[in-house]
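Written below as structure tokens is the structure these notes are about.
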Amino acid sequence: MTRQYDPHAIEEKWQANWEAAGLYSVTEDASKPKKYVLEMFPYPSGDIHMGHVRNYSIGDVVARFSTMRGMSVLHPIGWDAFGLPAENAAIKSNSHPATWTYANIEKQTSSFKRMGFSYDWSRKVVTSDEDYYRWGQWIFIKFWERGLVERKSSPVNWCPSCETVLANEQVLSDGTCWRCKSVVEKRELEQYFLKITEYAQELLDDLDELPGWPDRVKAMQANWIGRSEGAEVDFTLCDEAGEPTDRTITVFTTRPDTLFGCSFFLLAPEHALVAEITRGTEYASAVDEIVALAAKESSIDRSATDKIKRGAFTGRFVVNPVNGEKVPIWVSDYVLMEYGTGAVMAVPSGDQRDFDFARKYGLPIPPVVIADDDPLLAELAGVRESVLREVPWDVSFAGDGVMVQSGEFTGMRGGKASEGMKAVTEWLLERGQGRFSINFRLRDWLISRQRYWGNPIPAIHCPSCGLVPVPEDQLPVVLPTDVDVTKGETLADHPEFYETTCPVCGGAARRETDTMDTFTCSSWYYLRYCDARNDAAIWDTDKTDYWMPVDQYIGGIEHAILHLLYSRFFTKVFRDMGLVNFAEPFTNLLTQGMVKLDGATMSKSRGNVVAPEAIIAKYGADTLRAYILFMAPPDKDLEWSNEGLDGMWRFLGRAWRYITETADEAAGAVAGASDPASKLLRRERHRVVGKVTEDIERFQFNTALSAMMELLNTAHDYRRDVPVGQRDNALERDIAETLTLLLAPYVPHMAEEIWREAFGRSGSVHSEPWPEWDPAQAASDEVEYAVQVNGKVRDRMTIDVSASEDVVREAALVLPKIIEHTEGKTVRKVLVVPGKLVSIVVG
RNA sequence: GCGGGCGUGGCGGAAUGGCAGACGCGCCGGGUUUAGGUCCCGGUGGGGAAACUCGUGGAGGUUCAAAUCCUCUCGCCCGCACCA
């Protein structure tokens with residue numbers, strides 16, 4: 001036992017001891033409540049940084065605390081190891097992605113161990129290990145069997161720098177690649193998609209089943225899924241002579257109630273009909289110009305909202321089903337092929353973009369839904385004819401209002417989800433010219449990547465059988481190691497990999513050379529932890545029944561959509577497959593804030609990194625752990641500063657001295673002392689245990705530490721003020737032990753050293769039960785009341801805690817300062833807030 | 001434009017509608033020590049000698065009582081965005 005607090009003498013000793021004792025390995029234990037505490041697994045991009053320290057320190061406190069509270073705690077770790085950075089690093093250092101990846105995993109492993117995190121290392125998963133990714137391939141096959149895999153040609157996002165396609169979720173809102181920030185291009189390519197859209201409604205609905213998630217994350221997901229309620233409307237296409245044909249073009253609209261105000265019709269430049277109806281006509285050249293422009297422009301330029309919309313008339317018309325009116329078809333780049341049907345009914349009086357377009361090209365703007373306070377309403381209220389008058393109308397109005405110029409619907413309420421919207425759709429429905437419809441913004445998940453360092457897609461292209469899955473008994477498709485990315489190679493450069501035979505007909509065939517998006521690997525790792533070493537099945541459902549869902553998930557907000565949405569999708573499919581018995585993987589989610597330096601996120605490329613290693617070398621891991629949790633509430637961004645480290649170091653040193661000195665003292669000369677100082681200290685002990693417990697449960701790690709500091713301060717004053725011989729040694733001993741237990745989740749090494757060496761206990765402090773507390777003992781027998789007159793505190797009084805409200809009221813009214821402030825005035829009201837204050841109202 | 005969030009001392013941050021600024025950093029003063037960046041003691045929102053008074057981005061409101069609830073407003077951050 002060292003006399004001074006010396007983390008360097010104790011931390012590695014206990015790390016080795018815990019590992020040897022298997023302290024943190026768990027198995028299912030039906031006798032205890034379970035708790036699954038999970039931090040998002042790291043990407044092995046180098047050594048760990050302060051963001052990792054924060055993330056994993058939070059999780060470690062929750063895990064250790066839960067164990068002490070009597071729960072069976074699963075707290076695993078692993079690595080999200082496939083991905084492009086490994087290839088880039090390999091090219092840079094002229095090596096192999098696996099070399100770089102596994103070296104970084106080693107580095108991070110030793111850093112995690114050096115931090116003293118309580119992981120069950122026996123459950124480690126590494127997504128680039130064959131015994132992990134083989135099950136990823138198995139999942140792909142199962143999804144395929146369920147019709148959730150599709151290979152299709154469509155306009156996809158292509159990152160020219162990463163030389164691969166990207167999912168929609170991986171393109172940032174400024175049109176750049178999430179990883180390298182290059183401007184993403186659109187290319188028409190044949191790719192693999194997972195049909196996440198089939199679960200769009202459920203993914204949206206079940207957000208309501210997640211009260212333990214931050215509203216922000218749920219809002220972002222809801223926004224991303226983007227459900228719009230409306231209708232499909234069929235417009236009849238006219239021929240060159242303007243006569244109706246038997247073909248229809250369908251549009252999606254959220255405002256069928258404005259259908260009478262449709263004065264033109266729009267097609268996206270990519271729409272197949274555009275070329276068909278304009279080819280060889282006098283309109284072709286103007287239309288082609290728009291089409292060419294749209295194809296050339298980057299998605300950023302095209303989506304610039306301040307740009308004036310360009311368009312061209314096609315020479316053709318469609319018939320508006322509600323009034324038989326013929327409206328011209330235009331082409332414009334503000335209509336997107338990806339959303340809805342790629343065709344839009346334009347209602348300039350109800351939509352700003354349509355309005356701007358109508359103004360520019362001199363198209364009519366007939367009002368159909370008018371605000372209740374619009375003077376135009378009186379003038380048009382009785383007009384039942386459809387779309388007769390175009391009145392001066394210098395704004396578009398998208399709100400709720402009254403329908404005018406809308407035939408039999410005139411006078412109804414119009415607006416989103418309005419009576420008019422329903423009535424018009426029902427009218428269309430009866431005539432077979434429209435129907436209620438729901439549209440989602442969410443697109444299917446593009447998962448194929450033209451890169452080497454990923455999980456090979458288990459598919460085979462057979463010239464006669466088409467695309468066929470690799471049979472289950474031939475899995476895994478092993479990722480070959482001899483691909484040289486420094487020469488720009490991918491699997492497509494290795495015939496020995498792709499030359500194969502068709503599993504159906506046995507003929508020569510070509511193996512798929514694309515790999516899967518890394519997000520497929522991270523969409524199910526939390527399930528594999530439940531049964532990580534199973535080589536006969538992806539997992540045993542009994543085990544996921546016991547451990548899942550994750551009770552507390554902790555990670556960065558950057559995964560609000562990507563990883564968290566994909567994982568929810570996978571879980572729902574697993575449920576439908578009967579592999580799991582729940583629909584949501586993560587019951588509670590804590591999104592921790594970023595660790596910044598000088599206002600910017602720490603990153604190697606910026607060169608503003610504070611290495612945890614340097615802090616550990618000076619102060620030890622315990623001080624770092626406690627300090628980063630003390631700095632700010634976990635969900636807030638945190639500006640790193642070394643300034644307060646000394647404060648945490650001093651606190652731990654003080655605690656060390658207080659506890660070890662107390663432990664050394666002969667026990668029990670005085671016990672159950674009832675002098676004021678002893679009573680105060682006893683109360684503090686119970687109050688603080690209660691507060692620390694509640695604070696950790698609410699993730700207020702900073703205030704929990706503050707409370708421990710308060711207890712130490714009170715205990716410190718006690719030793720200073722009460723002479724030796726009069727001190728209650730039993731109480732002090734209890735304070736010392738309690739403080740050690742409270743500190744244990746934060747500073748596991750220091751607490752363990754004290755527990756075993758100073759107190760001479762044989763078991764680990766981390767297996768001890770959490771201290772009990774008694775709210776009754778936390779209460780004082782006297783309380784101080786603040787006495788207010790007209791809302792201002794004028795005096796204070798100390799009174800017996802059992803005093804009745806009447807007694808308190810009377811006592812307050814006779815205080816000299818209160819008499820001074822109430823003299824000559826009428827006391828109108830006296831309120832007593834028990835244990836807190838008295839409020840006197842005079843007038 | 002739509003959605004979410006945040007504004008409290010010199011700093012990080014505390015406050016189930018009930019005494020604003022807990023706890024810590026920093027700073028000021030004092031003590032122990034050969035010395036110390038150790039340890040210990042005291043002080044620390046503004047104004048005022050004090051009684052008091054002003055203070056949680058701003059303006060209103062509800063309430064005996066508002067950092068907290070409501071309305072408007074200003075500033076900042078984040079997500080989505082020609083989504084029909």
Side-chain angles (χ1 to χ4, degrees), chain A residues 4 172-174 214-224 226-228 230 251-255 258 266 268 299 302-307 309 332-336 338-347 350-354 356-357 398 439-442 557-558 560-561 594 599 627 630-633 635-651 653-654 657 691 694 700 702-710 712-713 716 720 784-796 817 820 828-843:
Chain A
Q4 288 296 312
L172 306 182
S173 55
D174 61 357
D215 288 341
R216 176 153 75 129
V217 175
K218 288 190 278 189
M220 282 164 74
Q221 290 211 358
N223 203 340
W224 186 260
R227 182 181 192 272
S228 289
V251 298
F252 173 76
T253 176
T254 54
R255 294 293 304 276
T258 64
L266 289 160
S299 59
R302 185 165 166 188
S303 65
T305 43
D306 51 351
K307 200 188 66 174
K309 311 307 169 201
S332 174
D333 58 358
Y334 80 89
V335 178
L336 306 174
E338 306 93 87
Y339 186 80
T341 61
V344 170
M345 61 174 236
V347 182
D351 182 282
Q352 190 62 45
R353 294 154 301 166
D354 297 345
D356 294 341
F357 193 86
N439 212 357
F440 291 94
R441 209 190 73 104
L442 183 70
I557 188 75
E558 67 273 18
I561 295 172
M594 286 184 294
Y627 177 60
F630 183 66
M631 283 181 90
D635 55 335
K636 277 192 71 174
D637 282 357
L638 178 156
E639 173 70 24
W640 180 264
S641 155
N642 285 339
E643 292 281 295
L645 266 167
D646 285 321
M648 185 53 67
W649 169 258
R650 278 199 287 267
F651 165 65
R654 259 156 65 86
R657 264 176 274 126
K691 172 144 178 72
E694 281 164 18
Q700 297 188 359
N702 53 337
T703 51
L705 271 163
S706 296
M708 292 181 230
M709 290 171 180
E710 285 167 343
L712 180 63
N713 289 346
H716 207 267
R720 184 192 62 201
E784 190 186 68
Y785 277 83
V787 184
Q788 297 183 335
V789 178
N790 284 355
K792 287 190 172 142
V793 178
R794 295 301 180 180
D795 206 355
R796 297 164 190 288
K817 281 190 183 172
E820 208 177 291
R828 297 192 189 282
K829 205 176 191 180
V830 181
L831 271 115
V832 178
V833 182
K836 289 201 170 138
L837 58 73
V838 181
S839 181
I840 300 164
V841 188
V842 297

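The sequence lines fix the lettering, A, B, ..., with proteins before strands; numbering per chain opens at 1. Computed from a predicted structure; not experimentally measured.
- Considering CG of L705(A) and CD of E710(A), their distance stands at 11.5 Å, rounded to 0.5 Å.
- Not one side-chain nitrogen or oxygen of R216(A) sits closer than 4.0 Å to the OP1 or OP2 atom of G3(B).
- Nucleotides G43(B) and G4(B), compared at atom C1', are 43 Å apart to the nearest Å.
- Separation of the P atoms belonging to G57(B) and U53(B) is 22 Å when rounded to the nearest angstrom.
- At whole-Å resolution of the value, CE in M708(A) and P in C23(B) are 15 Å apart.
- Looking at heavy-atom distances under 4.0 Å, G226(A) makes no contact with the nucleic acid at all.
- Between R720(A) and C39(B) there is no side-chain polar atom (N or O) within less than 4.0 angstrom of OP1 or OP2.
- Rounded to the nearest Å, the gap between the C1' atom of U62(B) and that of C70(B) is 7 Å.
- Taking atom C1' on both nucleotides, G37(B) is separated from A15(B) by 34 Å, rounded to a whole Å.
- Proximity of S228(A) to the phosphate of A84(B): a side-chain N or O atom is located under 4.0 Å from OP1 or OP2.
- Rounded to whole Å, the C1' atom of C23(B) lies 32 Å from the corresponding atom of C74(B).
- With hydrogens and angles disregarded, a donor-acceptor distance shorter than 3.5 Å links the side chain of D637(A) to the backbone of M594(A).
- For the P atom pair drawn from G18(B) and U33(B), the interatomic distance equals 49 Å after rounding to whole Å.
- Separation of the C1' atoms belonging to G17(B) and C41(B) is 39 Å when rounded to the nearest angstrom.
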